Amino acid sequence: MPLSNLAVRDIETLAHPYTNLATFRDTGPLVFERGEGVFVYDSDGKAYIEGMAGLWCTALGYNNRELVEAAVAQMRKLPFGHLFTGKSHDPAIELAERLKEISPVPASKVFFCNSGSEANDTQVKLVWYMNNALGRPKKKKIVSRLKAYHGVTIAAASLTGLPNNHRDFDLPIAGILHTNCPHHYRFAQDGESEEEFSRRLARELEELIIKEDPDTVAAFIAEPVMGAGGVLVPPKGYFPEIMKVCRKYDLYMISDEVICGFGRLGTMFGCSALGYEPHSISVAKALTSAYVPMSALTVPEAMYQAMLEESRKIGTFGHGFTYSGHPVAAAVALKALEIYARERIAEKAAQKAPQFGKRLAALGDHPLVGEARGCGLVGAVELVADKAAKRSFDAKAGVGPRAVRFAEEEGLIVRFIAGDVLSICPPLIIAPAEIDELFDRLTRAFDRTLDWAKREKLLG
Ligand SMILES: Cc1ncc(COP(=O)(O)O)c(C=O)c1O
């Protein structure tokens, strides 16, 4: 099919994130025009179920009038205000108060940024700043995990444990360590139970800390369920074991709630679902249901005291973004939080999770699927060439992208992430009938992928 005029203009003008820029020149973009509920519509008017809530973020779906009106009202009143040099405004103050109230762990202050990456970069800087204030300047290394995703700015990309975010970008920076990935299906030894695997991972974390010298290791960062690394749900007992090691070596624990925050796992925050208490959380995405960019992190009292000390010594706290706490974003976030509470969005996600989980698990029987996994309203299926041997397809065969294309033809947006894994993360407002429709479309897409893979002789 010839490319549309819009597609040609796109190819000539846009550098697309997370896109094979070479093949994209032939395929062109899929251009969306509008959205309503869990549906988005392309420029030809075709409807798709947004099975990824955009990028794991539009929790309240599309065209939520209350969010739109909150933005418009704030734009009319005070479209910009900042928090530098002691300036402030109502929406930021109220949102900080609200986030402190609902934070799963004690928070003394809230710091606002614009993206998940900035929140995690800020976490790293605050850990360094705090340990300088506390007179332990050697304690600076941050431990993350292989397959973690924490963003793309220089520190956040370094924390990320995915090769494509490092390769040829000269990353990771010094002082970032990666411990092993808690994915039982891929990394457990033969016959190793989930609990045994968790204990081994905790031992390996401890060994890494000892090898590096505990006096130099400052913090540990983790997503409750790893998102972009493949929707990896930790094995039983994982976080309690890991937290023991963090406590033993006095590591500051950061929970990256950028995907899991605000109901995705059926609880308001992911750490509560998985049973651990971090020192701080990073939130973004669903904070505003992604209608406007905003992120935040919580600052515990001990860290705040250290920041005060440094600020007294240096004369200022030298960090912040022009749009930190932007009033329009804060007004939308406040409205989103009001809706989450009023509509009991997290509780309802938990009620829908068994249906979602059952349909997801059923996909595990499909001849193409090695593992179907998930938690709450997020899941993934890992496509394999040989189920028994867990053998992946050759990446060059392009099975994941092919399945995504068939899904799009069936009217469903899902995402292909590393290693022929397809992720599913619909808006939390998805109705039970829409969950069934989503999985019906996905099953048809897999059947078509299977036929194609057979024709291409890619199986076995
Ligand atoms: C867990 C997690 N942390 C951080 C980020 C980075 O957020 P952003 O793309 O807003 O910088 C993401 C993005 O997907 C994420 O999933």
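Indexing begins at 1, ligand by ligand and atom by atom, following the structure's order. These numbers were taken from a predicted model, which means no experiment stands behind them.
- Proximity of V332 to L287: side-chain heavy atoms (C-beta onward) are nowhere separated by under 4.5 Å.
- Two rings, from F187 and F197, have their centers 6.0 Å or more apart.
- With respect to E277 and R247, no salt bridge is recorded, no charged nitrogen being found less than 4.0 Å from a carboxylate O.
- If you look at ligand 1, the protein residues with a non-hydrogen atom under 4.0 Å away are S115, G116, S117, N120, Y149, H150, G151, E223, D256, V258, I259, K285.
- For H326 and H89, the ring centers sit 6.0 Å or farther from each other.
- If you look at F356 and F439, their ring centroids are closer than 6.0 Å.
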Open item on the list: Test side-chain contact (heavy atoms from CB on, under 4.5 Å) on R373 and L232; report intermediate values, then the result.
Closed with: CA-CA 7 Å; R373 51 184 181 253; L232 307 175; 3.6 Å; yes
